[in-house]
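Scope of the values below: all heavy atoms of this structure, side chains included, with no hydrogens, waters or symmetry mates. Quick note: residue numbers are just sequence positions, from 1.
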Amino acid sequence: MRDERLRNDTRRAIAELLNELYLLGSRVADGNDEDLIWNLAKSGLIQAPLAQELVDVISLYRSGSDELIYASLVRIMEDIEEAYHTLKARLEGS
């Protein structure tokens with residue numbers, strides 16, 4: 001928490017991972033950020049609980065609270081990873 005460079009790198013990494021997820025999701029659904037996530041859930045490409053987790057991650061990221069991001073970092077990474085791999089598998093399977 002005391003290392004500003006590390007906090008900035010962490011935020012940048014989360015943003016890049018979310019962008020990769022958005023790019024993948026935009027191949028099959030419309031919308032930006034939360035709308036895209038919910039459209040993926042409506043299409044059955046990700047489960048609704050995961051969509052809610054991702055919306056929470058987006059909200060947490062936007063909150064600007066480094067303390068909350070630090071406390072939730074494992075959850076953030078797991079949710080993004082799960083969504084990315086789920087989407088990728090479904091897109092490759094279609």
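- Hydrophobic clustering keeps Leu60 apart from Leu6 (ILVMFWY residues linked when any side-chain heavy atoms are closer than 4.5 Å, directly or through intermediates).
- With values rounded to the nearest 0.5 angstrom, Leu23 atom CG is found 9.5 Å from Leu36 atom CG.
- Between the CG atom of Leu21 and the OG atom of Ser26 there is a distance of 9.5 Å, given to the nearest 0.5 Å.
- A distance-only check finds a donor-acceptor pair linking the side chain of Asn39 to the backbone of Asp30 [under 3.5 Å].
- Applying the side-chain contact (heavy atoms from CB on, under 4.5 Å) test to Ser43 and every residue at least two apart in sequence or in another chain returns Leu45.
- Minimum heavy-atom separation, Ala29 to Leu40: CB-CD2, 3.7 Å.
- Across all non-hydrogen atoms, the minimal contact from Arg7 to Arg2 is NH1-C, 3.7 Å.
- Atom CD1 of residue Ile46 and atom CD of residue Glu82 lie 9.0 Å apart, to the nearest 0.5 angstrom.
- Across all non-hydrogen atoms, the minimal contact from Ile69 to Ile76 is O-CD1, 4.1 Å.
- Side-chain contact between Tyr22 and Ile58 is present, with heavy atoms from C-beta onward closer than 4.5 Å.
- The salt bridge (Lys or Arg N to Asp or Glu O under 4.0 Å) check on Arg75 picks up Glu53, Asp56, Asp79, with sequence neighbours excluded.
- With sequence neighbours excluded, the residues forming a side-chain contact (heavy atoms from CB on, under 4.5 Å) with Glu81 are His85, listed by chain and number.
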Ile80 and Glu20: side-chain contact (heavy atoms from CB on, under 4.5 Å), yes or no, with the steps? CA-CA 10 Å; Ile80 295 171; Glu20 288 297 318; over 6 Å; no
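- Not counting sequence neighbours, Lys42 has no partner by the salt bridge (Lys or Arg N to Asp or Glu O under 4.0 Å) test.
- Heavy atoms of other residues, nucleotides or ligands lying less than 6.0 angstrom from CG of Asp3 number more than 12.
- Note: Leu87 CG to Leu24 CG = 5.0 Å, rounded to the nearest 0.5 Å.
- In this view, Asp33 and Arg62 satisfy the salt bridge (Lys or Arg N to Asp or Glu O under 4.0 Å) rule, not counting sequence neighbours.
- Here Arg5 pairs with Asp9 under the salt bridge (Lys or Arg N to Asp or Glu O under 4.0 Å) rule; sequence neighbours left out.
- Nearest heavy atom pair, residue Ala51 against residue Trp38, reads CB-CZ3, 3.6 Å.
- The 12-atom threshold is not exceeded at CD of Gln47, counting heavy atoms of other residues, nucleotides or ligands nearer than 6.0 Å.
- If you take OH on Tyr61 and CG on Leu68, they are separated by 14.5 Å, rounding to the nearest 0.5 Å.
- Atom OG1 of Thr10 is separated from atom CG of Leu73 by 6.0 Å, given to the nearest 0.5 angstrom.
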